Protein chains: 2
Amino acid sequence: MLSFYCYAPEMTAPSIRARVREELTSEIKAVARRQLTTEGANLSLRAVARELGMVSSAVYRYFPSRDDLLTALIIDCYNELGEAGEKAVEGAEGLLSRWLAFGHGIRDWALAHPAEYALIYGSPVPGYKAPQDTVGPASRTTTVIVKLLVEGYLAGELKGTDERPPLPPPLETEMRRAINEIFPEMPVGLLARGMTAWVQLFGVITFELFGRFNNFIEESRRDFFDHQMRVMARHVGM
Amino acid sequence: MLSFYCYAPEMTAPSIRARVREELTSEIKAVARRQLTTEGANLSLRAVARELGMVSSAVYRYFPSRDDLLTALIIDCYNELGEAGEKAVEGAEGLLSRWLAFGHGIRDWALAHPAEYALIYGSPVPGYKAPQDTVGPASRTTTVIVKLLVEGYLAGELKGTDERPPLPPPLETEMRRAINEIFPEMPVGLLARGMTAWVQLFGVITFELFGRFNNFIEESRRDFFDHQMRVMARHVGM
DNA sequence: AATAAAACGAGAGCACTGCTCTTGACTCGA
DNA sequence: TCGAGTCAAGAGCAGTGCTCTCGTTTTATT
């Protein structure tokens with residue numbers, strides 16, 4: 001038995017049991033993701049267990065409850081979406097191109113994973129309180145947008161835009177205080193216009209995925225999204 | 001027995017049974033609405049029946065399935081929301097005021113009925129296909145917006161706005177064809193800008209209700225919404 | 001006014017769910 | 001080698017949507 005340790009000491013360092021546990025954990029998540037696409041948010045833990053050939057109570061060794069499984073999936077999805085956005089930005093040159101690439105990167109991921117997008121951007125379960133673990137991955141996309149805008153602003157690539165209508169003073173102070181912690185060099189006016197673009201980006205995708213364009217825009221949805229992103233680009237001064 | 005008919009002939013015209021059926025139907029919906037606020041979309045038919053003091057199978061005399069109950073609730077909510085928007089517009093004078101009143105009317109209803117708003121504007125159930133009965137009530141809000149814009153346009157109250165970026169030709173033709181059926185006098189450019197405002201309106205409300213502003217905008221959410229609506233008003237040429 | 005037909009509420013029952021607890025086998029670390 | 005911890009399996013509980021049956025009541029017809 002000791003000889004076993006000698007043959008492959010660093011491989012068993014995390015122990016066999018820990019390794020198989022990690023494998024099974026991600027296998028459960030993979031099966032759950034697959035079932036999510038057909039069943040939606042009302043995911044059945046027992047069905048996941050059944051597909052994996054184990055009994056339902058065994059799954060509870062890996063996820064203490066169904067909500068915890070969903071939370072794990074949510075975190076994974078946030079990270080995938082954030083990575084998709086980051087990669088898209090990195091692969092483009094120039095402010096406008098990077099912004100458009102970001103938007104289409106987010107949209108492409110959403111179209112490829114509609115159930116997952118609905119899970120993270122759809123209706124929250126009334127009782128469900130988003131755990132602290134989710135806020136980091138969830139903020140990756142917004143961080144990309146803000147970074148893009150601040151970089152463009154500091155590089156002088158953003159045209160000064162119309163400041164009308166003015167921000168109400170209470171709103172301005174609250175936004176000033178919120179952005180000071182992260183990007184103190186960002187003007188509040190730019191933040192406000194960036195938030196318009198942010199809402200528009202996810203608003204269009206959500207409407208498209210949730211069927212609000214049905215019987216209205218059918219063929220040219222990508223064109224519509226692209227156009228809206230260009231409108232928003234102008235709005236922020238690109 | 002016949003004397004009964006003679007005493008109140010027109011009262012029993014819709015028959016006793018039909019009347020009590022109608023009452024029970026709306027009573028079931030009322031209880032379901034109340035449970036919706038605490039339980040969310042996973043509404044329990046049995047719990048509704050329990051609260052009404054009847055057995056679960058009796059509810060099936062009134063709604064053939066749980067989905068049909070939810071559909072009935074969805075239709076009611078669409079109508080309430082549409083009516084809230086229409087009333088708000090009627091109670092205001094002038095194009096900008098009417099637009100702002102509409103926005104706040106929608107938002108106020110959403111804040112007062114978050115679960116109901118999530119039901120109609122949240123993630124659709126993957127299998128759930130929206131019945132034809134819902135599209136009419138669902139389109140009341142968009143009709144208000146388009147009417148407002150067309151009236152303002154025909155009255156010459158809308159400034160001509162920048163047509164950049166231009167619409168891609170395939171998108172323009174599809175939008176032209178779609179709007180021709182309802183408002184042929186509406187320019188496509190105005191429709192596009194109106195859709196931007198439409199998406200922004202519901203996008204901000206959805207983000208606010210679904211917690212996207214948490215730890216960022218807390219006190220001035222109404223101000224933020226109002227500001228966004230004014231930005232959109234400028235965008236469409238008000 | 002009597003009778004057939006339809007609608008109704010109650011109850012039992014089925015297959016399913018999330019979750020808990022116990023039992024016996026297995027693996028780990030000392 | 002041997003306790004301690006981990007694991008899969010199974011039984012079980014309370015809850016779910018939904019179906020079916022069975023008497024009762026109301027409606028519509030003759």
Side-chain angles (χ1 to χ4, degrees), chain A residues 1-6 8-25 27-28 31-32 35-36 38-73 125-128, chain B residues 1-6 8-25 27-28 31-32 35-36 38-73 125-128:
Chain A
M1 278 301 158
L2 198 91
S3 63
F4 179 74
Y5 286 107
C6 291
E10 68 284 293
M11 262 208 72
T12 44
S15 99
I16 295 176
R17 197 162 234 172
R19 255 188 49 207
V20 79
R21 178 181 179 85
E22 196 149 344
E23 277 180 20
L24 241 177
T25 302
E27 205 166 340
I28 291 172
V31 172
Q35 297 214 356
L36 205 71
T38 62
E39 302 297 328
N42 38 21
L43 168 75
S44 165
L45 232 161
R46 286 180 112 111
V48 172
R50 211 178 299 132
E51 187 171 331
L52 282 164
M54 55 168 129
V55 91
S56 73
S57 61
V59 181
Y60 285 84
R61 298 270 175 198
Y62 299 87
F63 296 95
S65 80
R66 201 194 72 124
D67 271 10
D68 289 275
L69 212 195
L70 280 176
T71 300
L73 296 183
V125 183
Y128 183 80
Chain B
M1 280 298 159
L2 197 94
S3 63
F4 180 74
Y5 286 109
C6 291
E10 68 284 291
M11 261 209 73
T12 44
S15 98
I16 295 177
R17 197 161 235 174
R19 253 188 51 206
V20 76
R21 178 182 178 85
E22 196 149 344
E23 277 180 21
L24 242 176
T25 302
E27 205 166 341
I28 291 172
V31 172
Q35 296 212 359
L36 204 71
T38 62
E39 302 298 327
N42 38 22
L43 170 75
S44 165
L45 231 163
R46 286 180 113 111
V48 172
R50 211 178 301 130
E51 187 172 330
L52 283 164
M54 57 168 123
V55 91
S56 74
S57 62
V59 181
Y60 285 84
R61 298 272 178 198
Y62 300 87
F63 296 95
S65 79
R66 201 194 70 125
D67 272 10
D68 290 275
L69 213 195
L70 281 176
T71 301
L73 296 183
V125 183
Y128 183 81

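Every value quoted in this text rests on a predicted model; they were computed, and no experiment measured them. Note on naming: letters A, B, ... go to the chains in the order of the sequence lines (proteins, then strands), and numbering restarts at 1 for each one.
Among the protein residues, Ser56(B) comes within range of the nucleic acid bases, having at least one heavy atom under 4.0 Å from a base atom. Residue contacts shown for Leu24(A) are limited to sugar-phosphate atoms, with no base heavy atom under 4.0 Å away.
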Using a 3.5 Å cut-off and no angle test, enumerate the donor-acceptor pairs between side-chain atoms of residues 55-67 of chain B and protein atoms at least two apart in sequence or in another chain.
residue	atom	partner	partner atom	Å
Ser65(B)	OG	Asp67(B)	N	3.3
Ser65(B)	OG	Asp68(B)	N	3.3
Ser65(B)	OG	Asp68(B)	OD2	2.6
Arg66(B)	NH1	Leu43(B)	O	2.8

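Shown for residues 39-52 of chain A: residues whose heavy atoms fall under 4.0 angstrom of DNA chain D, namely Arg46(A).
The side-chain hydrogen bond (donor to acceptor under 3.5 Å, both in side chains) check on Thr71(A) picks up Tyr128(A), with sequence neighbours excluded. For Gln35(B), the side-chain hydrogen bond (donor to acceptor under 3.5 Å, both in side chains) partners two or more places apart in sequence, or in a different chain, are Glu51(B). Every residue two or more places apart in sequence or in another chain was checked for a salt bridge (Lys or Arg N to Asp or Glu O under 4.0 Å) with Glu22(B), and none qualifies.
Projected onto DNA chain C by closest heavy-atom contact, Arg17(B) and Met54(B) fall at different nucleotides, the more 5' of which corresponds to Arg17(B). In terms of position on DNA chain D, the residue among Ser65(B) and Val55(A) whose nearest nucleotide sits closer to the 5' end is Val55(A).
Taking atom CZ of residue Phe63(B) and atom P of nucleotide dG9(C), one finds them 13 Å apart after rounding to whole Å. Across the protein-nucleic acid pair, Arg21(A) atom CZ and dC28(C) atom P stand 13 Å apart, rounded to whole Å. One can place CD1 of Ile28(A) at 8 Å from P of dA8(D), the figure rounded to the nearest angstrom. Distance Leu70(B) CG to dT16(D) C1': 14 Å, rounded to the nearest Å. Going from atom CG of Asp68(A) over to atom P of dT20(C) covers 11 Å, rounded to whole Å.
Counting all heavy atoms, side chain and backbone alike, Val48(B) lies closest to Val31(B) at CG1-CG1, 3.9 Å. Nearest heavy-atom pair, Ala41(B) versus Leu70(B), reported as atom, atom and distance to 0.1 Å: O-CD1, 4.1 Å. Closest heavy-atom contact between Ala47(B) and Ser44(B): N-OG, 3.0 Å.
Between Arg66(A) and the phosphate of dC19(C), there is no side-chain N or O to OP1/OP2 separation shorter than 4.0 Å. The side chain of Tyr62(A) places an N or O atom within less than 4.0 Å of a non-bridging phosphate oxygen (OP1 or OP2) of dA8(D).
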Scan nucleotides 21-24 of chain C against the protein and return all N/O pairs shorter than 3.5 Å with their distances rounded to 0.1 Å.
none

Nucleotide N/O to protein N/O under 3.5 Å, stretch nucleotides 2-5 of chain C:
none

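A distance of 11.0 Å separates CG of Leu45(A) from CZ of Arg50(A), quoted to the nearest 0.5 Å.
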